[in-house]
Amino acid sequence: MHILPSLNGLRAFEVAARCGSFVLAGQELGVSSAAVSLQVKSLEDHLGKKLFVRKGNRISLTDAGEEIYPKLARAFGELSEAAQIVRRNKRTRQLVVSTLPALSELWLLPKALRFSEQTGVSLDIRVQEDPIDFEREAVDLRLTYGSTFYTEYRQIPLFSGIAIPVCAPAFWEQYSDPEGLLVNVPDAKLIHNKWGPSFSSEPHWSDWRLKAGNRTSDPSDPGLIVSDLSLAVSAARQEAGVALIPSILVSSDISSGSLVSPSAINLPMKKDYACVFPNARAESPTFKMFLNFLGLN
């Protein structure tokens, strides 16, 4: 049987490696820097390897330290996450869901209301831009676009998307054309969305016009410019113009008739929307229930 190193020694090493200092590690752990150094020395003796190069008050990882640190950081992170889940579940059945602004109103909210009504589980929905800190903010899962910021976490695709033009029915009655090329829509009536930091090289009206073949230049009049997809959809509902929106986010508006998509021409989104979460979260029955509700499990 393998004899495991002291948990205190492993924790002291992980904190010291993360902080880059025995003094800062001692402050986090509530002990002296000498105590941290002693715990690390005991771990080094157990492993038969030097983990730090000590230069006065400065420390740096050796090759052995660099090899073991990422594994320990992940392990302690998952232990912390598991403890947070247990603490929350003692108080109430609750999930903390972090989501991009556009997903919150246009996709998640109706589902969240039905989920809470059917299961009695409370959802703490936090509308945030990327990146978020799962451990510090005690977040159970993140609904986002792509996976650039969360490569170390588990990911399940929510849906892929295409961007389509949408507008109010009354607006299209005024500016319609038989082929749906938007040739009668003035430049000033094109609603432009600044996709935000989570999106990269996403579709714009100049791209749509190129594909439509009716105009190849950028709009001469920028029209309305917004920094949130929800606001772009709201503006389109209020007959302010035509917005270019991921189809999944306006499916209910189109079904209800509050918006129409006047053209068959669409543009592909570059990435999938995704559900991202730490491994430790996946073992919670409440978490599994929510994934099942979203059709992800």
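Remember, predicted model here, so these are calculated numbers, not experimental data.
Residues Ile59 and Leu61 fall within the same hydrophobic cluster, defined by Ile, Leu, Val, Met, Phe, Trp and Tyr side chains chained together at heavy-atom separations under 4.5 Å. Residues Leu123 and Val127 fall into different hydrophobic clusters, defined by Ile, Leu, Val, Met, Phe, Trp and Tyr side chains chained together at heavy-atom separations under 4.5 Å.
Other residues, nucleotides and ligands place no more than 12 heavy atoms under 6.0 Å from the CG atom of Asp63. At most 12 heavy atoms of other shown residues, nucleotides or ligands fall within 6.0 angstrom of atom CD in Glu67.
Screening residues 23-49 for salt bridge (charged side-chain N to carboxylate O under 4.0 Å, His left out) gives Arg18-Glu28, Lys41-Asp45, Glu44-Arg54 as the qualifying pairs, with residues at least two apart or on separate chains.
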Legend entry - Chi angles and distances behind the side-chain hydrogen bond (donor to acceptor under 3.5 Å, both in side chains) call for Ser160, Lys271: CA-CA 7 Å; Ser160 55; Lys271 303 173 185 176; over 6 Å; no
Legend entry - Candidate pair Tyr175 and Val183, rule side-chain contact (heavy atoms from CB on, under 4.5 Å), full reasoning: CA-CA 8 Å; Tyr175 295 103; Val183 292; over 6 Å; no
Legend entry - From CA spacing to verdict: salt bridge (Lys or Arg N to Asp or Glu O under 4.0 Å), Arg114, Glu117: CA-CA 5 Å; Arg114 291 198 305 273; Glu117 288 173 1; over 6 Å; no
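Under a 4.0 Å N-O distance rule, the pair Asp207/Arg209 does not qualify as a salt bridge.
Two rings, from Trp107 and Phe159, have their centers less than 6.0 Å apart. For Phe277 and Phe134, the gap between ring centers reaches or exceeds 6.0 Å.
Relative orientation of the Phe293 and Phe290 rings is parallel, given thresholds of 30° and 60° on the angle between their planes. A perpendicular orientation is assigned to the rings of Phe52 and Phe22, their planes being inclined by more than 60° (bins at 30° and 60°).
Using modelled atom types, one finds a donor on one side chain and an acceptor on the other under 3.5 Å when comparing Gln238 with Ser234. Counted by atom type alone, Asp130 and Tyr145 present zero donor-acceptor pairs between their side chains at under 3.5 Å. In the model, Arg126 has no side-chain atom that pairs as donor or acceptor with a side-chain atom of Ser98 under 3.5 Å. A donor atom on one side chain and an acceptor atom on the other are not found under 3.5 Å apart for Glu239 and Gln174.
Separating the OG1 atom in Thr99 from the CG atom in Leu141 is a distance of 9.0 Å, to the nearest 0.5 Å.
Under a 3.5 Å cut-off, the side chain of Ser230 and the backbone N or O of Glu105 do not form any donor-acceptor pair.
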